[in-house]
Asker: 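First the structure, which I've put down as structure tokens, then a few questions once you've had a look.
The structure displayed is predicted, hence computed values, not measured ones. As a basis for the values below, the full set of heavy atoms in this structure was taken, side chains included, without hydrogen atoms, waters or symmetry mates.
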Amino acid sequence: MNPVLFLAAALAGGVGAVLRYLVDLGVARLAGRRFPWGILLVNLSGSFVLGVVTTALPDAAFLLGAGLLGGYTTFSTAMLDTVALWRDGERPASVFNAVGMLLLGLLAAGLGLAVGALL
């Protein structure tokens with residue numbers, strides 16, 4: 001791997017992590033913290049954009065996919081949020097977060113692939 005590309009992907013990952021934090025914070029300010037809407041939005045938008053990038057910009061897939069979107073999206077936070085909801089007695093919200101994120105994420109990724117193929 002080209003060292004410059006590797007460094008650029010690492011920097012893009014840092015930018016993605018900051019974007020994730022800002023989106024989550026902004027959504028929490030609007031919708032509250034009872035449900036992790038921000039992380040859901042982050043993971044769904046990241047799935048969609050990765051689908052677009054994969055088909056429309058394959059040469060940029062490492063930099064944007066592994067770098068920017070790898071830092072932006074978060075499986076671990078989504079799973080911790082799911083467990084926290086369950087622990088706090090929010091069983092339906094916990095199930096929706098886990099199952100909803102999976103199904104909506106698949107839909108978003110598939111839609112992104114379709115949109116990317118059109119570009």
Side-chain angles (χ1 to χ4, degrees):
M1 166 161 307
N2 178 332
V4 173
L5 180 59
F6 185 80
L7 180 60
L11 292 172
V15 169
V18 170
L19 288 174
R20 173 182 64 224
Y21 173 77
L22 293 174
V23 168
D24 187 33
L25 184 65
V27 171
R29 285 186 179 160
L30 292 173
R33 288 243 174 236
R34 281 185 52 97
F35 186 85
W37 292 110
I39 296 302
L40 180 65
L41 176 63
V42 160
N43 285 335
L44 296 180
S45 62
S47 295
F48 173 78
V49 173
L50 184 58
V52 172
V53 166
T54 300
T55 52
L57 303 167
D59 292 339
F62 176 72
L63 179 63
L64 297 177
L68 182 70
L69 296 171
Y72 177 66
T73 59
T74 174
F75 180 80
S76 57
T77 300
M79 294 307 99
L80 283 174
D81 288 342
T82 299
V83 170
L85 287 165
W86 188 271
R87 181 197 61 219
D88 294 343
E90 300 287 339
R91 302 300 199 280
S94 177
V95 171
F96 172 75
N97 197 50
V99 175
M101 191 167 312
L102 172 63
L103 296 177
L104 292 172
L106 289 169
L107 181 64
L111 185 59
L113 288 168
V115 168
L118 296 173
L119 299 177

Asker: Please name the pair of heavy atoms, one in G38 and one in V27, separated by the smallest distance, quoted to 0.1 Å.
Answerer: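 Minimum heavy-atom contact is N-CG1, 3.5 Å.
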Asker: Could you measure the distance from the CG atom of L80 to the CG atom of N97? Nearest 0.5 Å is fine.
Answerer: 11.0 Å
Asker: Keeping to residues at least two apart or across chains, list the ring-ring contact (aromatic ring centres under 6.0 Å, His included) pairs with something in residues 88-119.
Answerer: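 ring-ring contact (aromatic ring centres under 6.0 Å, His included) check on residues 88-119 returns F35-F96.
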Asker: Can you give me every donor-acceptor pair (side chain of residues 57-72, partner residue at least two apart or in another chain, under 3.5 Å) with its distance?
Answerer:
| from | atom 1 | to | atom 2 | distance (Å) |
| --- | --- | --- | --- | --- |
| Y72 | OH | S45 | OG | 2.9 |

Asker: Enumerate the residue pairs fulfilling ring-ring contact (aromatic ring centres under 6.0 Å, His included) with a member in residues 4-29, sequence neighbours excluded, ordered by first and then second residue.
Answerer: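 Of all non-adjacent pairs touching residues 4-29, none passes ring-ring contact (aromatic ring centres under 6.0 Å, His included).
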Asker: Could you pull out all donor-acceptor pairs under 3.5 Å where a side-chain atom in residues 112-119 meets a protein atom, sequence neighbours excluded?
Answerer:
none

Asker: Please name the pair of heavy atoms, one in A78 and one in N43, separated by the smallest distance, quoted to 0.1 Å.
Answerer: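 Residues A78 and N43, closest heavy atoms: CB-ND2, 3.7 Å.
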Asker: What is the distance from atom CG of L44 to atom CD1 of I39, rounded to the nearest 0.5 Å?
Answerer: 11.0 Å
Asker: Which pairs with one or both residues in residues 98-119 pass ring-ring contact (aromatic ring centres under 6.0 Å, His included), sequence neighbours excluded?
Answerer: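 Qualifying pairs: none.
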Asker: R33: what forms a side-chain contact (heavy atoms from CB on, under 4.5 Å) with it, not counting sequence neighbours?
Answerer: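 Checked R33 against side-chain contact (heavy atoms from CB on, under 4.5 Å); matches are D24, L25, A28.
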Asker: I'd like to know if V52 and V15 are part of one continuous hydrophobic network [Ile/Leu/Val/Met/Phe/Trp/Tyr, side-chain heavy atoms within less than 4.5 Å].
Answerer: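 Yes, V15 and V52 fall within the same hydrophobic cluster.
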Asker: For L106, check side-chain contact (heavy atoms from CB on, under 4.5 Å) against everything at least two apart and list the hits.
Answerer: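 side-chain contact (heavy atoms from CB on, under 4.5 Å) check on L106 returns L102.
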Asker: Which residue pairs pass the side chain to side chain donor-acceptor pair (under 3.5 Å) test when at least one of the two sits in residues 3-13, sequence neighbours left out?
Answerer: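 Checked against side chain to side chain donor-acceptor pair (under 3.5 Å) - neighbours excluded - no pair reaches residues 3-13.
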Asker: Looking at residues at least two apart in the chain, or sitting in another chain, which of them share a side-chain contact (heavy atoms from CB on, under 4.5 Å) with V18?
Answerer: L22
Asker: Write out all pairs satisfying salt bridge (Lys or Arg N to Asp or Glu O under 4.0 Å) with one or both partners inside residues 43-56, taking only residues at least two apart or from two chains.
Answerer: none
Asker: Applying side-chain contact (heavy atoms from CB on, under 4.5 Å), can you list everything that pairs with A109, at least two apart in sequence or on another chain?
Answerer: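 S47.
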Asker: Using atom types as modelled, flag every donor-acceptor pair under 3.5 Å from a side chain in residues 83-94 to any protein atom, sequence neighbours excluded.
Answerer:
| from | atom 1 | to | atom 2 | distance (Å) |
| --- | --- | --- | --- | --- |
| E90 | OE2 | R34 | NH2 | 3.3 |
| R91 | NH1 | W86 | O | 2.9 |
| S94 | OG | T82 | O | 2.8 |

